[in-house]
Amino acid sequence: MAWIVAIEVLVKIGLLLGGLMFAAAYLVLVERWIAAWVQDRLGPNRVGIPLTRIRLFGLGQPIADGVKFICKEEFTPAHVDRVLYTLAPVMMLVAALAAFAVIPFGSVLPGFTLPDGTVYQIQLVLLPGLDAGILLFLAFGGIGVFGVALGGWASNNKYSFFGGVRSAAQLISYEVPLGLSILAIVLAAGSLRLDRIILAQADTGWWNAFVQPLGFLVFLVAVCAEAGRLPFDLAEAEQELVGGYHTEYSGMRLMMFLVSEFLHMIAASFLIVILFLGGWHFWGLTGSGLEVGWGGALLRVIVLVAKVFLVILGFMLVRWSWPRFRFDQLMDLAWKVLLSWGLIHVLLVAAWMYWANEWPVWTLAVANWVSLVVVWIVTALISPPECDNRPRRELGPVGNVTPVAVSAA
Amino acid sequence: MGDLALVALSLALALWMALAFPTVRGRLGAAIFALVGLALLLARFVPIGHWGFSLLFYIFAALTLLAAVCAVSFRHPIYCAVWFGVMFLGTSGLLLLAGAQFLAAATLIVYAGAILVIFLFVLMLAQPEGRAAYDLAINRPLVVALLGMALASLVVGVAVALMGSGDLAELSAAGDRTQGVLQPGHVAAIARTLFSRHVIALEVVGVILLVALVGAAMIVGRAEGFLLGPPRQTVSRAQSGQTSPQVEAPSSAIAQVAGESAS
């Protein structure tokens with residue numbers, strides 16, 4: 001029995017590591033294709049099979065990039081703190097990979113009978129039955145920040161340092177609305193386990209995005225900020241900070257940083273799909289229970305991965321659709337808008353769970369859509385978005401902060 | 001109990017050396033004393049459950065202790081913060097081994113954020129080069145080491161006394177994992193305990209945190225001038241010398257316009 005668990009875990013780890021590294025490499029190519037498409041360029045389309053003239057739409061590009069990273073000199077500047085400088089990228093990569101231990105990439109495989117007669121069922125998640133599921137994911141996300149903050153500090157370069165500090169402040173701030181929106185989901189599903197959350201959605205056929213649109217919005221923005229994708233990529237803002245926290249890095253260490261950023265994005269997409277878009281569930285296609293055949297199990301994996309890929313494409317389009325926030329706008333969004341939205345949302349869901357638990361799900365959906373519209377209008381009226389990018393000293397008093405008159409005279 | 005006292009003494013000496021002599025030689029001496037203490041402790045070695053479990057437990061325990069000592073004995077504030085973080089990783093691993101998943105995850109979430117804040121404080125308040133004397137010196141390392149170890153041995157002694165025969169292996173095997181906070185669905189069990197038996201303590205702790213938050217907002221608000229009226233100095237001297245204060249400017253302009261229209 002023990003050996004089969006060991007084999008199962010090793011195979012899963014191998015699948016995850018291989019799949020994630022492959023995905024990270026080729027998503028870079030997809031990202032560059034999308035960027036090229038948005039900007040009306042051709043993008044990378046030349047690298048194909050080496051020593052031939054076959055181009056294969058540029059599919060060889062990630063391999064060439066990898067070889068380039070490996071062959072580059074790993075230069076350590078003289079002014080850095082060597083220990084932390086070396087440690088930071090490793091820390092970030094390890095945390096980013098460890099987060100996938102709790103993320104299911106399918107539902108279950110059909111059980112098979114062991115020689116001793118027991119039925120053995122494999123769940124498609126590295127740590128099945130982990131009761132603290134999503135909390136562990138948040139914990140690893142919290143550790144990942146250290147890589148950025150320490151890398152920025154150890155580089156002993158003011159631009160890197162700004163990047164590290166910005167990232168630390170941003171992640172601390174956005175963890176609050178993120179936690180609130182997850183809290184509402186956990187309340188509704190009654191479990192912290194991601195597989196249970198998917199099952200709860202598959203049972204009713206109502207994905208959480210339809211039932212809890214307000215939470216979905218808060219989660220989408222907060223997770224985008226946690227992953228450091230473009231409207232929120234102040235940690236490495238190229239136009240302001242050279243390269244942000246990884247300015248002083250090169251070679252494999254730089255690659256570790258870049259790969260772990262992509263892993264953050266993949267993990268964020270998985271979470272969006274699992275928490276809000278029904279996980280492996282699709283109406284009339286995948287069924288809803290834990291009883292599946294091999295075809296059904298495979299279909300569920302395909303549905304889940306396809307959804308994740310679509311969300312990732314969405315992330316990549318967002319990157320070229322919105323300009324980067326200014327830092328005070330970033331903080332305003334987290335603390336003034338998202339935090340209050342998240343609180344209202346949690347209160348609403350909790351009240352529904354307490355008083356109206358017996359009612360059909362669509363009543364919660366109606367309440368949530370109404371609250372979304374109301375909250376949106378109220379926010380727009382009270383605190384109009386600041387679109388003016390002139391410095392504050394030229395604008396005078398801004399936003400809803402009305403200064404008290406200095407003197408009545 | 002005699003050997004435990006000896007262990008505590010040698011560990012206290014090790015801690016003192018690590019605190020008082022931040023040189024390679026001092027660390028070597030500390031390591032030697034620590035090894036002596038741990039060797040004495042090894043005489044009481046009890047394998048807990050499965051050998052793999054035992055191995056992981058002792059690895060995590062050693063990591064936690066080492067990181068704790070490093071966190072207090074290192075001179076550089078950033079390294080102290082990093083070791084502090086490592087210590088919580090070790091603690092979380094121990095909790096996870098014991099089956100307390102929620103505590104493990106919560107430890108990481110809460111303290112990872114807290115350490116990050118400490119990190120920022122260090123960056124903002126302490127001098128990175130460690131020039132300031134208060135960053136370098138540890139007050140009375142001998143007293144600190146002795147008192148710390150006395151406290152630690154008190155805790156260990158009470159634990160050992162409570163366990164009676166001290167048959168740790170039997171205890172851990174018998175520790176009922178199907179009930180209470182260690183049951184498989186134990187997050188719900190923890191919540192039930194927290195929000196029924198300890199609900200008042202929980203609320204009080206929450207209010208304390210809220211008070212800290214309100215205090216911080218008060219301090220910041222006073223400086224920014226939007227919570228408690230204007231800050232003491234609204235207009236800088238250079239500005240007030242040249243033009244009238246900002247807030248008054250619109251009213252005077254309105255008065256001017258009104259005067260023009262009247263005439």
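A note on names: the letters A, B, ... follow the listed sequences, proteins ahead of strands, and every chain is numbered from 1.
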Inset, instruction - Output the option from A:V145, A:L171, A:V83 having the highest count of non-hydrogen pairs under 4.5 Å with chain B. - result: A:V83

Inset, instruction - Sort A:L87 into side chain, backbone, both or neither according to what part of it lies under 4.5 angstrom from a heavy atom of chain B. - result: neither

Legend entry - Separation between CG of A:L138 and CG of B:L108, rounded to the nearest 0.5 Å: 11.0 Å

Inset, instruction - For B:I200, look at atom CD1 and say whether over 12 heavy atoms of other residues, nucleotides or ligands are found less than 6.0 Å away. - result: no

Legend entry - Residue part contacting chain A, namely of B:V82, when any heavy atom lies under 4.5 Å: side chain

Legend entry - Side chain to side chain, B:F88 and A:I143, heavy atoms closer than 4.5 Å: no

Inset, instruction - Side chain from CB out, backbone as N, CA, C, O: work out which of these in B:Y111 comes under 4.5 Å of a heavy atom of chain A, or both, or neither. - result: neither

Inset, instruction - Check A:L136 against B:A105 and note the closest heavy-atom contact, atom names and distance. - result: CD1-CB, 3.8 Å

Legend entry - CZ/A:F257: more than 12 non-hydrogen atoms of other groups inside 6.0 Å: yes

Inset, instruction - Evaluate whether atom OH of A:Y85 has more than 12 neighbouring non-hydrogen atoms of other residues, nucleotides or ligands under 6.0 angstrom away. - result: yes

